[in-house]
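To start, the structure under review is shown below, and the notes come after it.
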Amino acid sequence: SALRRAAAWLATAQLADMRGDRAGMLRACERGLAVLDTHALSLGATELRARATTHGVELVRTAIGRVIEDGSARDLLRWTERWRSILHATTTRQARQDPALTAEVGKLRETESDIGGVGDADREANRRRIEERIRRLTHGSAGDGDGARRTFDVGELLDQLGDDTALAGVVAARGNVYVVVARRGR
């Protein structure tokens with residue numbers, strides 16, 4: 001299954017990290033996330049897609065942990081935005097047309113977006129309640145059917161910002177808050 005393949009890529013990433021193979025570890029994280037992207041696209045209901053992407057948390061944590069230690073601000077921006085793109089790509093056409101469903105998906109994303117957080121019982125129970133509400137709202141929903149997700153490109157983002165616009169990205173990881181500011185191609 002896709003979830004087992006993603007778990008195998010996580011194990012590969014962790015082994016590469018233990019061996020000090022930064023490039024291999026990041027490659028394995030990216031491949032695991034690609035498996036989950038494809039899997040999420042095959043699911044119709046929004047909450048099932050959102051749940052499938054939560055399996056990417058450890059892959060992203062592993063990558064972000066490494067780039068925090070020895071990467072550049074560009075690497076940190078790439079991985080945090082890669083994660084956000086997964087979270088925000090789970091909305092179906094139906095969700096965009098249904099205010100109640102949109103609100104519930106937003107709550108789910110809020111719950112799932114703290115990649116550095118500790119999953120306690122209350123948070124998990126809240127997540128399950130939100131998923132159940134979404135399940136009721138999307139029963140029988142079909143997927144978007146477009147078959148593809150656009151990958152995040154840091155260079156493209158920096159080009160689009162121009163000279164007079166700045167972007168601040170914030171990520172909480174390993175008990176700290178990191179801020180990446182992008183402006184004028186850097």
Side-chain angles (χ1 to χ4, degrees), residues 6 9-10 12-14 16-18 20-38 40-41 46 49-91 95-96 102-120 123 126-127 130 144 146 148-186:
W9 281 117
L10 174 60
T12 301
Q14 291 169 334
D17 195 32
M18 285 189 300
D21 179 5
R22 179 184 192 273
M25 185 272 299
L26 292 175
R27 215 174 14 260
C29 288
E30 185 59 48
R31 287 181 179 158
L33 290 173
V35 166
L36 292 173
D37 279 349
T38 302
L41 286 171
T46 302
R49 293 196 217 176
R51 187 67 180 145
T53 62
T54 64
H55 286 38
V57 170
E58 286 305 314
L59 288 160
V60 173
R61 278 186 184 158
T62 301
I64 286 177
R66 172 57 56 211
V67 300
I68 284 171
E69 288 178 19
D70 64 8
S72 66
R74 183 180 282 251
D75 289 339
L76 184 57
L77 177 63
R78 178 189 178 282
W79 280 98
T80 57
E81 291 305 313
R82 173 71 168 93
W83 179 242
R84 286 184 183 111
S85 73
I86 292 171
L87 292 175
H88 294 286
T90 59
T91 304
R96 291 189 293 269
T102 299
E104 293 301 326
V105 170
K107 289 176 189 174
L108 181 63
R109 286 180 179 153
E110 216 172 272
T111 301
E112 300 290 359
S113 67
D114 180 14
I115 63 172
V118 177
D120 61 23
R123 188 172 133 190
N126 184 46
R127 183 192 56 75
I130 293 167
D144 287 346
D146 62 7
R149 285 191 188 173
R150 217 168 151 243
T151 57
F152 176 72
D153 183 313
V154 174
E156 183 180 327
L157 170 70
L158 296 176
D159 289 344
Q160 289 181 6
L161 286 176
D163 289 338
D164 297 325
T165 306
L167 168 78
V170 180
V171 63
R174 295 188 171 186
N176 294 305
V177 175
Y178 299 88
V179 179
V180 178
V181 179
R183 183 164 186 229
R184 293 187 180 163
R186 300 186 301 220

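By convention here, the first residue in the shown sequence is residue 1. Excluded from the calculations below are hydrogen atoms, water molecules and symmetry mates; all remaining heavy atoms, backbone and side chain alike, are included.
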Rounded to the nearest 0.5 Å, how far does CD of E58 lie from SG of C29? 10.0 Å
Which value, rounded to the nearest 0.5 Å, describes the distance between L77 atom CG and R74 atom CZ? 8.5 Å
Where do V35 and A6 come nearest, in terms of heavy atoms and distance? CG1-N, 4.2 Å
Please enumerate all residues that pass side chain to side chain contact (heavy atoms under 4.5 Å, CB included) together with R66, with sequence neighbours excluded. D17, R22, M25, E69, D70
Sub-4.5 Å side-chain heavy-atom contact between T80 and V180: no
Locate the shortest heavy-atom distance separating T62 from A13; write the atom from each residue and the value. CG2-CB, 4.5 Å
Does any part of the side chain of Q14, heavy atoms only, come nearer than 4.5 Å to the side chain of L10, both counted from C-beta? yes
To the nearest 0.5 Å, atom OH of Y178 lies from atom CD1 of I64 at 10.5 Å
Might you point out which heavy atoms bring L161 and T165 nearest each other, and give the distance in Å? O-CB, 3.0 Å
At what distance, to the nearest 0.5 angstrom, does CG of L33 lie from CH2 of W79? 5.5 Å
Quick one, I68 and N176 - any side-chain contact, counting heavy atoms below 4.5 Å? no
Is there side-chain contact between L26 and V67, with at least one heavy-atom pair below 4.5 Å? yes
